[in-house]
Amino acid sequence: MEGDDAIGDILVPAEDLERRVRELAREVSRDYAGKDLVLVGVLKGAVFFLSDLMRNLDVPCEVDFMAVASYGSATKSSGVVRILKDLDAVIEGRDVLIVEDIVDSGLTLQYLLRNLAGRNPRSLEVCALLVKPERREVDLHARYVGFEIPNRFAIGYGLDFDERYRGLPYVAALKE
Ligand code: IMP
Ligand code: MG
């Protein structure tokens with residue numbers, strides 16, 4: 001993949017990702033001590049971030065996944081979301097932390113928050129590795145955020161363009 005001419009500027013180098021993920025894990029460990037933590041990863045992009053985050057936690061937790069499809073083009077979501085895979089876990093009365101790779105318009109996350117809130121968890125928060133503040137269309141609060149990035153299409157560390165580039169150890173801009 002080195003030398004691939006679709007890989008543009010590096011937005012977040014690998015060392016910064018590692019350092020920030022450890023910091024976030026420390027905050028989550030502190031905030032969820034004594035709680036009943038369920039990490040909910042949103043497939044597929046969040047898998048990389050989630051596994052690194054979880055490896056660095058020192059509180060017990062369960063992990064589960066949801067897969068959603070957002071209608072729209074390859075680079076823009078519409079906010080109309082369909083659940084492709086639902087949770088296996090019952091989250092009623094539990095402390096749920098949604099782990100997302102990126103919050104772009106926020107429409108996907110808004111849908112997920114409403115959907116999961118309807119199952120009556122004790123608490124429901126968001127941990128997003130990346131946010132693009134310039135693109136936000138809905139007002140939502142992520143308790144934990146890794147990095148704010150500019151309005152570029154990002155690839156790597158879970159993020160794909162047409163299912164490619166997820167395995168890059170850094171986050172780069174897609175060269176247009
Ligand atoms: P939103 O609903 O607009 O917030 O978009 C959410 C989803 O779109 C994310 O979970 C990603 O899967 C995808 N997405 C948004 N921006 C990017 C990007 O820059 N690169 C890769 N995927 C993205
Ligand atoms: Mg995603």
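Worth saying up front: this structure is predicted, and the values here are computed from it rather than measured. Both counts, for ligands and for their atoms, begin at 1 and track the order of listing.
Salt bridge status for Lys44 with Glu163: present, with a side-chain N to carboxylate O gap under 4.0 Å. A salt bridge does not link Asp9 with Lys175: none of the charged nitrogens is closer than 4.0 Å to a carboxylate oxygen. Contact check on Asp31 versus Arg143 returns a salt bridge, with a Lys/Arg side-chain nitrogen under 4.0 Å from an Asp/Glu carboxylate oxygen. Ion pair Glu15/Arg19 not flagged as a salt bridge, since none of the NZ, NE, NH1 or NH2 atoms sits closer than 4.0 Å to an Asp/Glu carboxylate oxygen.
For Asp101, the closest heavy-atom approach to ligand 1 falls below 4.0 Å.
Distances from atom 5 (O) of ligand 1 to the heavy atoms of Leu174, Asp104, Leu159 put Asp104 nearest. Looking at Gly45, Gly158, Gly106, it is Gly106 that brings a heavy atom closest to atom 4 (O) of ligand 1.
Contacts of Arg135 with ligand 1, taken as heavy-atom pairs under 4.0 Å, are absent altogether.
Contact atoms of ligand 1 toward Lys132: 16 (N), 17 (C), 18 (C), 19 (O) (distance under 4.0 Å to a heavy atom of the residue). For ligand 1 and Glu100, the ligand atoms under 4.0 Å from any heavy atom of the residue are 10 (O). Less than 4.0 angstrom separates some heavy atom of Ser105 from each of these atoms of ligand 1: 1 (P), 2 (O), 3 (O), 4 (O). Near Asp160, meaning under 4.0 Å from one of its heavy atoms, ligand 1 places the atoms 21 (C).
For Asp139, the side chain to side chain donor-acceptor pair (under 3.5 Å) criterion is met by no residue, not counting sequence neighbours. Take Arg119 and apply the side chain to side chain donor-acceptor pair (under 3.5 Å) test, not counting sequence neighbours, and it matches Asp86, Asn115.
Summarising the geometry, atom CG belonging to Asp36 is positioned 6.5 Å from atom CZ belonging to Arg122; distances are rounded to the nearest 0.5 Å.
In terms of N/O distances under 3.5 Å, ligand 1 is not approached by Val103.
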